[in-house]
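Reviewing the structure listed below.
Heavy-atom basis, side chains included; hydrogens, waters and symmetry copies ignored. Chain identifiers are assigned alphabetically (A, B, ...) following the order of the sequence lines, protein sequences preceding nucleic acid strands; residue numbering begins at 1 within each chain.
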Amino acid sequence: MNEKLSRSAIQPKNPLLNASRVGNLPHVPGIRVGDYIFLSGMVPVDPQTGERSHVPIAEQVRITLSNMRHMLESAGSSLERVVRVHVVLADISHMAEMDRVYREFFPIDPPARTAWSMQLRFGNGCEIECVALAG
Amino acid sequence: MSARREVIPPSDAASRSGQPASMAVRGGDFLFVSGLTAIDLQSGQRMPGTTASETRQILTNLRQLLEAAGSSLDKVVKVNVLLHSMLEAPNMNDVYVRFFPDPPPARTVCGARLPDGVKVIIECTALA
């Protein structure tokens with residue numbers, strides 16, 4: 001008991017998906033602490049090229065959630081272990097389209113979620129972050 | 001040993017809400033509650049109104065949801081409030097202060113574009 005919690009950075013197995021390192025941004029892709037994994041906001045990055053992929057919104061959401069799965073699995077967790085999700089869209093009118101793709105990734109017992117719209121950087125159509133239980 | 005994940009309430013209730021989200025998920029020592037909008041918890045019908053009335057409905061539902069999950073408003077550690085307009089923040093606050101004990105939880109309030117014309121969304125993380 002009272003053992004001090006320590007934090008460790010999470011790295012994706014695919015280095016092209018380490019968006020913060022590729023873009024020299026002051027954050028890590030994720031942090032593991034205790035029972036939890038906290039991921040940074042993830043955006044649609046093509047896992048083949050590491051480039052932002054500004055395809056139609058459904059595909060942007062699909063790429064982002066696929067990358068989130070990769071990030072969690074790299075850390076020994078999985079989409080099934082996600083407890084909380086924040087979905088931010090650049091355009092509020094894309095909500096239904098986002099939901100449609102989102103359901104494919106969380107078909108049963110989905111995480112708690114909040115979704116809204118606000119300005120996003122780099123022309124991204126979506127940004128998605130999550131908290132998951134560690135493996 | 002890895003922490004347990006449990007959806008609250010069961011997924012059939014969540015799926016009835018039409019949202020691809022569970023209202024709350026317990027993971028380890030914490031309860032993660034989805035961004036709530038003003039609805040009738042029994043029927044799932046939306047209850048659009050003023051910022052004040054939506055806030056009151058959401059926090060009433062939140063209290064019920066937390067207590068059904070074995071938590072309570074005084075176990076909430078962090079709240080995020082999303083408003084359709086920051087000009088409405090005082091109207092939200094007037095209602096908000098009546099729900100939480102002293103000291104209240106940590107909180108962030110943001111103005112954002114919200115889906116379906118709702119004026120308020122409130123989510124929280126609480127001790128399970």
Side-chain heavy atoms under 4.5 angstrom apart, residues restricted to Ile, Leu, Val, Met, Phe, Trp, Tyr: same cluster for A/V88 and A/I92? no
Side chain, backbone, both or neither: which part of A/Q119 has an atom under 4.5 Å from a heavy atom of chain B? neither
Could you tell me which portion of A/F106 (side chain, backbone, both or neither) has an atom closer than 4.5 angstrom to a non-hydrogen atom of chain B? neither
Out of B/I121, B/L114, B/L36, which one pairs with A/T114 under the side-chain contact (heavy atoms from CB on, under 4.5 Å) rule? B/I121
Does the salt bridge (charged side-chain N to carboxylate O under 4.0 Å, His left out) test come out yes or no for B/E123 and A/R84, once each step is laid out? CA-CA 10 Å; B/E123 64 161 30; A/R84 141 112 57 232; 3.3 Å; yes
Atom CG in A/L89, atom CZ in B/R113: separation rounded to 0.5 Å? 11.5 Å
What part of A/V82 gets within 4.5 angstrom of chain B, counting heavy atoms only: side chain, backbone, both, or neither? backbone
Could you check whether any side-chain N or O of B/S22 sits under 3.5 Å from a backbone N or O of A/P111, counting only pairs where one atom can act as donor and the other as acceptor? no
Under 3.5 Å: donor-acceptor pair, side chain of A/Y36, backbone of B/G27: yes
In terms of hydrophobic clustering (I, L, V, M, F, W, Y; side-chain heavy atoms under 4.5 Å; direct or indirect links), are A/V45 and A/F105 co-clustered? no
Does B/R5 use its side chain to pair, donor to acceptor, with the backbone of A/E80 at less than 3.5 Å? yes
Establish whether A/M98 and B/V118 are linked, either directly or via other cluster members, by ILVMFWY side-chain heavy-atom contacts under 4.5 Å. no
Is there a continuous path of hydrophobic side-chain contacts, each under 4.5 Å between heavy atoms, that joins A/L72 to A/L133? no
Residue among B/A24, B/A112, B/P115 with most heavy-atom pairs under 4.5 Å to chain A: B/P115
More than 12 heavy atoms of other residues, nucleotides or ligands under 6.0 Å from CZ of A/R103: yes or no? yes
Membership question, hydrophobic clusters at under 4.5 Å side-chain separation (ILVMFWY): are A/L16 and A/I10 in the same one? no
Roughly how far apart are B/I8 CD1 and A/D109 CG, rounded to 0.5 Å? 11.0 Å
With respect to chain B, which residue among A/V131, A/D99, A/V85 yields the maximal number of heavy-atom pairs within a distance under 4.5 Å? A/D99
Decide if atom CZ of A/R21 counts as having more than 12 heavy atoms of other residues, nucleotides or ligands within a radius under 6.0 Å. no
Show the nearest heavy-atom pair for residues B/A3 and A/R81, with the distance to one decimal. O-NH2, 2.9 Å
Measuring heavy-atom distances to chain A, does B/N80 have an atom under 4.5 Å in its side chain, in its backbone, in both, or in neither? side chain
Okay, A/A132 and chain B: the region with an atom under 4.5 Å from a heavy atom over there is neither
Which bit of B/T37 is near chain A, if near means a heavy-atom gap under 4.5 Å: side chain, backbone, both or neither? neither
To the nearest 0.5 Å, tell me how far A/W116 CH2 sits from B/L83 CG. 13.0 Å
B/D29 atom CG, over 12 foreign heavy atoms within 6.0 Å: no
Quick one: of A/R113, A/M95, A/H86, A/M118, who has the most non-hydrogen atom pairs under 4.5 Å with chain B? A/R113
At their closest point, which heavy atom of A/G135 faces which heavy atom of B/S2, and how far apart are they? O-CB, 2.8 Å
Nearest heavy-atom approach of B/V33 to A/A112 is C-CB, 3.9 Å
